[in-house]
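Some notes on the structure that comes next.
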Number of protein chains: 2
Amino acid sequence: MRDRSGVTISEVAAAAGVSRQTVSNVLNAPDRVAPATAERVRRAIDELGYLPNRAARNLRERTSRCIGFKIAPPSGLNNLLDRFLHALAESAGGVGYHLLLFSASTVDEELAAYAELIGTGTVDGFVLADIDTADERLDWCAERGIPCVSFGRPTVPGPCSWVDVDGGDGLAQSVDHLVARGHHRIAYLGWPEGPRVGDERRAGWRAAMRRHGLATEGLSGASAEDPAEVAAVARRLVRQPDPPTAFACGSDTFAVAARQAVGADSAGRPRVEVVGYDDSPSAALMTPPLSSVRQPLDQVAYHVVDLLVRQFRAPGGPPEGVMLRPELVARERPGQNPR
Amino acid sequence: MRDRSGVTISEVAAAAGVSRQTVSNVLNAPDRVAPATAERVRRAIDELGYLPNRAARNLRERTSRCIGFKIAPPSGLNNLLDRFLHALAESAGGVGYHLLLFSASTVDEELAAYAELIGTGTVDGFVLADIDTADERLDWCAERGIPCVSFGRPTVPGPCSWVDVDGGDGLAQSVDHLVARGHHRIAYLGWPEGPRVGDERRAGWRAAMRRHGLATEGLSGASAEDPAEVAAVARRLVRQPDPPTAFACGSDTFAVAARQAVGADSAGRPRVEVVGYDDSPSAALMTPPLSSVRQPLDQVAYHVVDLLVRQFRAPGGPPEGVMLRPELVARERPGQNPR
DNA sequence: TTGTAGGCGTTATCAT
DNA sequence: ATGATAACGCCTACAA
């Protein structure tokens, strides 16, 4: 019951009239101690408010029970970060780990931080996000045998375990949803073909359209994730003959910008139907609310932590990957088809 | 240079032909060791890639060099969290601390987590955010002598140090800005009078209006931070005789909802001018972009960490408060006054 | 079932 | 200026 713990295992042992070892056993190997003794020790623990010292335990067990995560300077709408961090903290806590946050502005700084955190034993491994096409951080960690799991995967299979969400599946769901609401001319709006996540989503859109027997000619829009550029592309798309009546988008930013650019009819309803991606908080708050593909970040975090902890226990295993399905959150009211 | 540190101070000492203590001194009290010896030791440190073990150091120094932060389940648009967390991680890193994130769903869970983290010596203190009118967490920490600093302050001065941003000042800036752009009928849109941050902002609006000699009668709008409710209030305000031509808002959510509710003229320009609060990422991405009051989170984080570290060094001091000024980010183009 | 001994890696104290 | 000794609090062997 004393404040600001300074209660040690020895004090508990003294209070219970046993040796330190017995107290330790009560906590770590309860089966090796007589029920009566255990009870007595437990009472002493409660009364003294004993909590095992983390540093001592870490020192002894050569572990930190901490998982490191680099938090990048906020840029644009980092929509997923809050959700992901919370999910991560929760998953980690569930298996007795904590999340240790640190910042780094450049990749070199980041790698230096990794080296120090591992070298000092401050963390046991890392979670990486915002994975690039061929992310050097993954190889860097792998070369040094540093446990790490990434949210997102490099285009070329890398040396590290990963968890990812199938963007192609997400866009298939967007297309299916729009088709079910009567659309045939469905355009895609997303990043230009190239390095990042966008490709998978665009390919998913194309495949789903083909599956439905729908044409994609002239319906593939690409721009930077900037409202003005998105607007220009969206307007160009709807001005062509046989224009799209709906947009499936690579992110909510594209969706919001497209909807604004194309405008609304006299009743204030959007002239095209739009589906976003990432289900950012603002999606639900728009009028009318925006349907959007939601990534299952709780599951992502669960698997990330699971893979990481498994590496802690059995280092040197082969990299594993976990692919998860996103889920479209439909928010249109039934009768509201703009066609 | 070996991988996965296991290099200890003893190995460095052996390599340099000195005692462990001398190595320690080279790192922690360089003035107590001869330059030549120091140089030799430093070379050994570099060559072996020695990094002092954190757990051992923590054990010895009865410190963790970690600051705890509870991350709440994401709700609504938790706009500031990414920015704040990054700023916090950066500030903490700057003074040799790390940020330790954990989750808790209820206040009881949160307090239990605090007790355990402090009791086990996993963290040295806490940063608290989302402070309530009379936040029991503050008293709880104070009673136990647990170092903590809050971002935001309770309405009644509490027992803990805090850093806050002057919301009244922010709204004064909003009003000044709108007045400078020719508005005289400026309404406020924010939370109902009562428990939270809103009050200060509403009072700031009222005071600024008075200072400009402008009436506030019938211009004070209140609702929950929900688009539909905001829309209703905004519409009601603009339908009255001598309606407002501008809204100064308590958050970007109010601003976005108000702008959408009141609509745009035939040229697509908003019918009222709106200023938000918090400068959420989407503010800059809207069309036209939204002016918004921005909280200086880097400074907030700096002071939070500073106050906390000061408590670590000299426990038991009186609580201190730091009040910071926000800054309006003006985004209207000069000629675009909707009046 | 319980107790004793030793060491995890570091730093503070004290002696040389 | 440097080194020996002890201790931080815990846990794993081993001994009783």
Side-chain angles (χ1 to χ4, degrees), chain A residues 2 4-42 44-45 48-65 96 116-124, chain B residues 2 4-42 44-45 48-65 96 116-124:
Chain A
R2 198 181 309 169
R4 292 309 302 282
S5 180
V7 185
T8 78
I9 200 171
S10 300
E11 305 184 44
V12 174
V18 298
S19 76
R20 297 180 314 195
Q21 184 48 31
T22 302
V23 179
S24 177
N25 283 338
V26 168
L27 294 171
N28 305 315
D31 48 318
R32 290 188 186 174
V33 58
T37 320
E39 187 45 38
R40 198 152 36 94
V41 169
R42 249 187 285 274
I45 287 176
L48 296 173
Y50 167 73
L51 289 171
N53 178 283
R54 195 49 164 281
R57 187 174 267 189
N58 288 349
L59 175 59
R60 179 60 226 223
E61 306 194 324
R62 353 179 72 60
T63 191
S64 69
R65 301 208 160 261
E116 193 198 308
L117 289 167
I118 283 288
T120 57
T122 307
V123 305
D124 297 340
Chain B
R2 198 182 308 169
R4 292 309 303 282
S5 180
V7 184
T8 77
I9 199 170
S10 299
E11 305 184 45
V12 175
V18 297
S19 74
R20 297 180 312 197
Q21 186 50 31
T22 301
V23 178
S24 176
N25 284 338
V26 168
L27 294 170
N28 305 313
D31 48 318
R32 289 188 186 174
V33 56
T37 320
E39 186 47 37
R40 198 153 34 95
V41 170
R42 249 187 284 273
I45 287 176
L48 295 173
Y50 166 73
L51 289 171
N53 179 283
R54 194 50 161 283
R57 189 173 264 191
N58 288 351
L59 175 59
R60 180 63 226 215
E61 307 194 324
R62 353 179 69 53
T63 194
S64 68
R65 301 207 159 261
E116 193 199 308
L117 290 167
I118 284 289
T120 57
T122 306
V123 305
D124 296 341

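Naming convention: chains lettered A, B, ... in sequence-line order (proteins, then strands); numbering from 1 in each chain.
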To the nearest 0.5 angstrom, please state how far the OG1 atom of B:T8 sits from the CZ atom of B:R20. 8.5 Å

Quick one: CG on A:L51 to CG on B:L117, what's the gap to the nearest 0.5 Å? 10.0 Å

Polar atoms only, N or O, under 3.5 Å: list the protein pairs with nucleotides 14-16 of chain C and their distances.
none

Just to be sure I understand the geometry, which residues of residues 21-30 of chain B put a non-hydrogen atom under 4.0 Å away from DNA chain C? B:Q21, B:S24, B:N28

Does any residue of residues 53-65 of chain A have a heavy atom under 4.0 Å from DNA chain C, and if so, which ones, in number order? A:L59, A:R60, A:R62

The residue among A:N28, A:I9, A:T37 that forms side-chain contact (heavy atoms from CB on, under 4.5 Å) with A:V23 is A:I9

Does the side chain of [X] reach to within under 4.5 Å of the side chain of [Y], using non-hydrogen atoms?
| X | Y | value |
| --- | --- | --- |
| A:R42 | A:E39 | yes |
| A:V41 | A:V33 | no |
| B:T120 | A:N53 | no |
| A:L27 | A:I45 | yes |

Pick the nucleotide of DNA chain D nearest each of B:G17 and B:R20; which residue has the one closer to the 5' end? B:G17

Considering all heavy atoms of both residues, which atom of B:E11 and which atom of B:L48 are nearest to each other, and what is their separation? O-CD1, 3.8 Å

Quickly work out the A:E11 CD to D:dG9 P distance and round it to whole Å. 8 Å

With respect to the phosphate group of D:dG9, does any side-chain polar atom (N or O) of A:T8 fall under 4.0 Å of OP1 or OP2? no

Give the C-alpha distance, both sets of side-chain angles, the deciding distance and a yes or no for side-chain hydrogen bond (donor to acceptor under 3.5 Å, both in side chains) between A:T63 and A:D124. CA-CA 6 Å; A:T63 191; A:D124 297 340; 2.9 Å; yes

Is the backbone of B:A16 close enough, under 3.5 Å, to the side chain of B:R40 for a donor and an acceptor to pair up by distance? yes

